[in-house]
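Here's the structure, in structure tokens; my notes come after.
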Amino acid sequence: IYNDKNYYLYSMIQLVKDSDIDNLIDYLKSIIKEHKLSKNDKENFYKFRDYFNHEWKDFLKSHGVYKDTAFLNLLALIYHSFNYYWTFDKDGRYINTSGYKRSCFNSSLECKLRDYSNALKELCLISDFYNLDFRDFYKENFGYDFKNIYQTLFFVDPPYTNSDDTYSRTNDLKWTTQDEQDLYDM
């Protein structure tokens, strides 16, 4: 079971799991080629970021082929962003800077993407996907009694409390001291 409150991460992982990896990589490369993205050209990165924010950001929460295309455009942006970070402002615009002279989609990242896709498919690591707050996820899957499971391992990786990381700057993903306490209580 996989759960992440971060809709963008949740959707990208699901896309990689459900897609034919060769087709996904070919389409990703065609986006990169069409928009002339490279680690040595920040001007085209910023043009593409503006294009994404104008044409695609609203499709991220849609369904079907437009959603998949939007996430492949987002993935192309991430692969060409500074240190592969990704951040959205309060209006949902992608705001990361160019990875000029540092970041690009390359053969090493392609290999990692293939390996990750294969692991998701062949090892059946994830059978169910959820995009819920951790409290809702727990209640939906294990009931309201937080003490009723004894043979379940949970790996939990919340943001640091009181940090100013990418996760905490995204409005719908704020991690509060109350979140921290609720997770501790569980």
Side-chain angles (χ1 to χ4, degrees), residues 1-57 59-60 65-89 92-131 153 155-160 163-170 173:
I1 296 175
Y2 172 85
N3 180 61
D4 203 307
K5 188 176 176 186
N6 184 326
Y7 176 78
Y8 303 120
L9 183 58
Y10 153 85
S11 295
M12 279 195 285
I13 289 173
Q14 193 168 32
L15 176 64
V16 171
K17 177 186 177 283
D18 294 343
S19 297
D20 174 276
I21 192 61
D22 292 324
N23 290 340
L24 187 142
I25 288 173
D26 286 347
Y27 194 70
L28 180 62
K29 286 179 176 179
S30 74
I31 292 169
I32 292 167
K33 183 177 180 180
E34 176 185 350
H35 295 279
K36 300 179 178 120
L37 299 174
S38 76
K39 74 177 184 179
N40 296 318
D41 186 347
K42 60 183 168 183
E43 181 180 327
N44 280 327
F45 171 86
Y46 290 114
K47 285 180 185 175
F48 182 60
R49 187 182 72 177
D50 291 343
Y51 163 78
F52 175 84
N53 284 330
H54 181 71
E55 298 292 329
W56 288 106
K57 77 176 180 67
F59 284 109
L60 292 175
V65 69
Y66 292 117
K67 175 184 170 185
D68 292 350
T69 302
F71 275 101
L72 285 169
N73 277 276
L74 175 58
L75 197 54
L77 269 175
I78 293 168
Y79 279 132
H80 292 84
S81 292
F82 179 76
N83 284 351
Y84 310 106
Y85 290 161
W86 50 310
T87 309
F88 295 88
D89 67 12
R93 289 184 306 257
Y94 187 85
I95 59 172
N96 270 69
T97 59
S98 167
Y100 183 64
K101 301 282 187 194
R102 300 179 64 117
S103 304
C104 70
F105 187 68
N106 55 46
S107 59
S108 175
L109 290 174
E110 179 179 337
C111 184
K112 289 177 183 181
L113 184 57
R114 284 183 188 283
D115 289 347
Y116 188 68
S117 173
N118 290 334
L120 288 173
K121 291 175 180 128
E122 294 173 13
L123 301 176
C124 298
L125 291 175
I126 300 172
S127 58
D128 296 317
F129 279 77
Y130 294 89
N131 177 223
L153 170 68
F155 173 78
V156 183
D157 186 19
Y160 294 112
S163 71
D164 187 32
D165 63 5
T166 300
Y167 193 93
S168 297
R169 287 188 303 246
T170 305
L173 298 176

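Heavy atoms only: backbone and side chains are in, while hydrogens, waters and symmetry mates are out. Fair warning: this is a prediction, and the values are worked out from it, not measured in the lab.
Residue I95 holds its CD1 atom at 13.0 Å from CH2 of W86, rounded to the nearest 0.5 Å. Taken to the nearest 0.5 Å, the OG atom of S117 stands 9.5 Å off from the CG atom of D18. The structure places OG1 of T87 at 13.5 Å from CZ of R93, a figure rounded to the nearest 0.5 Å. Atom CG of L37 sits about 12.0 Å away from atom CZ of F105, to the nearest 0.5 Å. How far OH of Y10 is from CD of Q14: 4.5 Å, rounded to the nearest 0.5 Å. We find the OH-CG distance between Y116 and L109 to be 14.5 Å, quoted to the nearest 0.5 Å.
Ring planes of Y51 and W56: perpendicular class, angle over 60° (limits at 30 and 60°).
K121 contributes a side-chain N or O that, together with a main-chain N or O of S19, makes up a donor-acceptor pair within less than 3.5 Å. A side-chain donor-acceptor contact under 3.5 Å links N106 to the backbone of S108.
The shortest heavy-atom contact between G92 and F88 is O-CD2, 3.4 Å. Taking every heavy atom of both residues into account, N131 and K5 meet most closely at ND2-O, 3.2 Å. Contact between A70 and F52 at its shortest, heavy atoms only, is O-CE1, 3.5 Å. Residues L72 and L24 share a closest heavy-atom pair of CD2-CG, 3.7 Å. K29 and E110 make their closest contact through NZ-OE1, 2.9 Å (heavy atoms, listed as atom of the first residue, atom of the second, distance).
Proximity of H35 to N44: side-chain heavy atoms (C-beta onward) are nowhere separated by under 4.5 Å.
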Which donor-acceptor pairs under 3.5 Å do side chains of residues 73-82 form with protein atoms, sequence neighbours excluded?
{"residue": "N73", "atom": "ND2", "partner": "T69", "partner atom": "O", "Å": "2.8"}
{"residue": "H80", "atom": "ND1", "partner": "A76", "partner atom": "O", "Å": "2.9"}
{"residue": "S81", "atom": "OG", "partner": "L77", "partner atom": "O", "Å": "2.7"}
{"residue": "S81", "atom": "OG", "partner": "Y94", "partner atom": "OH", "Å": "2.5"}

